[in-house]
Protein chains: 2
Amino acid sequence: MIGNRMVSVKRKRDIIFRAIADPTRRRILALLRTRHQTVGEIASNFAMSRPAVSKHLRLLRSAHLVVSRRQGTTSRCSLNARPLRAVNDWLRDYEIFWTESLESLKSYVEKNR
Amino acid sequence: MIGNRMVSVKRKRDIIFRAIADPTRRRILALLRTRHQTVGEIASNFAMSRPAVSKHLRLLRSAHLVVSRRQGTTSRCSLNARPLRAVNDWLRDYEIFWTESLESLKSYVEKNR
DNA sequence: ACAATCGGAAACCATTTGGTTACGATGATT
DNA sequence: AATCATCGTAACCAAATGGTTTCCGATTGT
């Protein structure tokens, strides 16, 4: 039912927030912004071992932030940023709390110039 | 120097992303969006113990997402959403990846109607 | 002065996280 | 066919996380 869907949406959002919480995973996303890369290429950018990067990739894939297609022995990883819209939507509820301070500052400047 | 500042900015961002990663902490932020509340009031919304909520609040305070002023025996907690601008700024680098798909869909519709 | 309330800190515990090394499956190369 | 490269998974480990109960300090009210 709808209830189940709602829970699932919330769970998905939790997974996305967890996925982007780690700085290594955010670096991976940034890397894939320029071009798709294989797992080995991604791992070469980090001091940690390849399986460690592989684990991070698994988490990113579970959040659907990274999609990968096997191509021969390699695996082409590419960015899928659409799930980040959930984060964007979440932020919208808080945007007013920083824009309003800008607005009040602006009106202050307007009045006192 | 500038290098140190950069590191500190990155660390701050890490702390913010960690802070909002937990669903309980996001619920706390949502609660404080309506009005400032005491620690006890916040805790009453959760099934967990008050010290558990207190720990979450400590993390949120360390990210400067919650500020609290002691008032008598109680502690007034209020939302400070400004640090979330860092998340917003981070998202801007990915926005194109979901808007471009909307744009391409729009141009497709334009061409084929 | 004393009791009660509020909230933070400490000590403790189970689970999760983030890393390692070792191994195995699969596809390419020779 | 045999070997090599790539990548995922398993087993393991230390540290962090998220929760508990207990206790303590500060403030308020009687």
Side-chain angles (χ1 to χ4, degrees), chain A residues 10-32 35-80, chain B residues 10-32 35-80 83 87:
Chain A
K10 286 218 170 197
R11 282 223 174 278
K12 280 187 184 177
R13 197 164 66 175
D14 286 357
I15 291 171
I16 295 165
F17 272 92
R18 300 283 319 241
I20 65 173
D22 187 272
T24 301
R25 290 192 287 270
R26 290 200 304 277
R27 271 188 65 195
I28 292 176
L29 294 181
L31 282 173
L32 295 179
R35 59 186 170 282
H36 55 72
Q37 293 178 44
T38 69
V39 175
E41 286 170 344
I42 295 171
S44 69
N45 292 279
F46 295 90
M48 69 190 70
S49 70
R50 186 192 48 74
V53 173
S54 206
K55 276 212 226 173
H56 284 298
L57 282 171
R58 178 163 59 174
L59 236 156
L60 288 169
R61 276 194 288 259
S62 80
H64 300 104
L65 286 167
V66 166
V67 290
S68 36
R69 269 187 67 188
R70 287 302 294 265
Q71 198 148 25
T73 70
T74 68
S75 173
R76 292 204 164 283
C77 302
S78 44
L79 175 69
N80 176 35
Chain B
K10 286 218 170 196
R11 281 224 173 278
K12 280 187 184 177
R13 198 164 65 175
D14 286 357
I15 291 172
I16 294 165
F17 272 92
R18 302 280 325 222
I20 64 173
D22 187 271
T24 301
R25 290 193 286 271
R26 289 201 304 277
R27 272 188 64 195
I28 292 176
L29 293 181
L31 282 173
L32 294 179
R35 59 185 172 282
H36 55 73
Q37 293 179 43
T38 69
V39 174
E41 286 170 345
I42 295 170
S44 70
N45 292 279
F46 295 90
M48 69 190 69
S49 70
R50 186 190 49 72
V53 174
S54 207
K55 275 211 225 175
H56 284 299
L57 282 172
R58 179 163 57 173
L59 236 157
L60 288 170
R61 276 193 289 260
S62 80
H64 300 104
L65 287 167
V66 167
V67 291
S68 35
R69 269 187 68 187
R70 287 302 296 265
Q71 199 148 23
T73 71
T74 68
S75 171
R76 293 201 164 284
C77 301
S78 45
L79 174 69
N80 176 35
V87 180

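Below, chain A is the first sequence line, B the second, and so on; all start at residue 1. Excluded from the calculations below are hydrogen atoms, water molecules and symmetry mates; all remaining heavy atoms, backbone and side chain alike, are included.
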Point-to-point distance, once rounded to the nearest 0.5 Å, from OG of A/Ser68 to NE2 of A/His36: 12.5 Å
Below 4.0 Å: OP1/OP2 of D/dC7 and any side-chain N or O of A/Arg58: no
Contacting residues from residues 60-70 of chain B, given that a heavy atom lies under 4.0 angstrom of DNA chain C: B/Arg61
Below 4.0 Å: OP1/OP2 of D/dA16 and any side-chain N or O of B/Arg18: no
Donor-acceptor contact present, side-chain B/Asn45 to main-chain B/Glu41, <3.5 Å: yes
For atom CZ of A/Arg76 and atom P of D/dG8, their distance in whole Å: 14 Å
Sugar-phosphate only, base, or nothing, as touched by B/Arg25 at under 4.0 Å among non-hydrogen atoms: sugar-phosphate
Whether A/Ser54 side chain and A/Pro51 backbone form a donor-acceptor pair below 3.5 Å: no
Test item: B/Arg25 side-chain N/O and B/Ile20 main-chain N/O as donor-acceptor pair under 3.5 Å: no
Gap between atoms CG and P, on B/Leu59 and D/dA16 respectively (whole Å): 13 Å
Length of the line joining B/Phe17:CZ and C/dT17:C1', which is rounded to integer Å: 19 Å
CG-CG distance between A/Leu29 and A/Asn80, expressed to the nearest 0.5 angstrom: 10.5 Å
Stepwise side chain to side chain contact (heavy atoms under 4.5 Å, CB included) test for A/Leu57 and A/Cys77: CA-CA 9 Å; A/Leu57 282 171; A/Cys77 302; 4.3 Å; yes
Spatial distance of atom OG1 (A/Thr24) from atom CD1 (A/Ile42) [nearest 0.5 Å]: 12.5 Å
Proximal nucleotide (of D/dG8, C/dG19, D/dG18) relative to the A/Thr24 side chain: C/dG19
Gap separating the CG atom of B/Leu32 from the CZ atom of B/Arg76, nearest 0.5 angstrom: 12.0 Å
Separation of C/dG18 P from A/Arg27 CZ (nearest whole Å): 15 Å
Residue-level proximity of residues 37-53 of chain A to DNA chain D when a heavy atom falls under 4.0 Å: A/Thr38, A/Val39, A/Gly40, A/Arg50, A/Pro51
Short side-chain N/O contact from B/Thr73 to OP1 or OP2 of D/dT28, under 4.0 Å: no
D/dG19 OP1/OP2 closer than 4.0 Å to side-chain N/O of B/His56: yes
Whole-Å distance separating the CD atom of A/Gln71 from the C1' atom of D/dC7: 15 Å
Criterion side chain to side chain contact (heavy atoms under 4.5 Å, CB included) on B/Thr74 and B/Gln71, from CA distance to verdict: CA-CA 5 Å; B/Thr74 68; B/Gln71 199 148 23; 4.2 Å; yes
Polar pair under 3.5 Å, donor/acceptor by atom type, side chain B/Lys55, base C/dG8: no
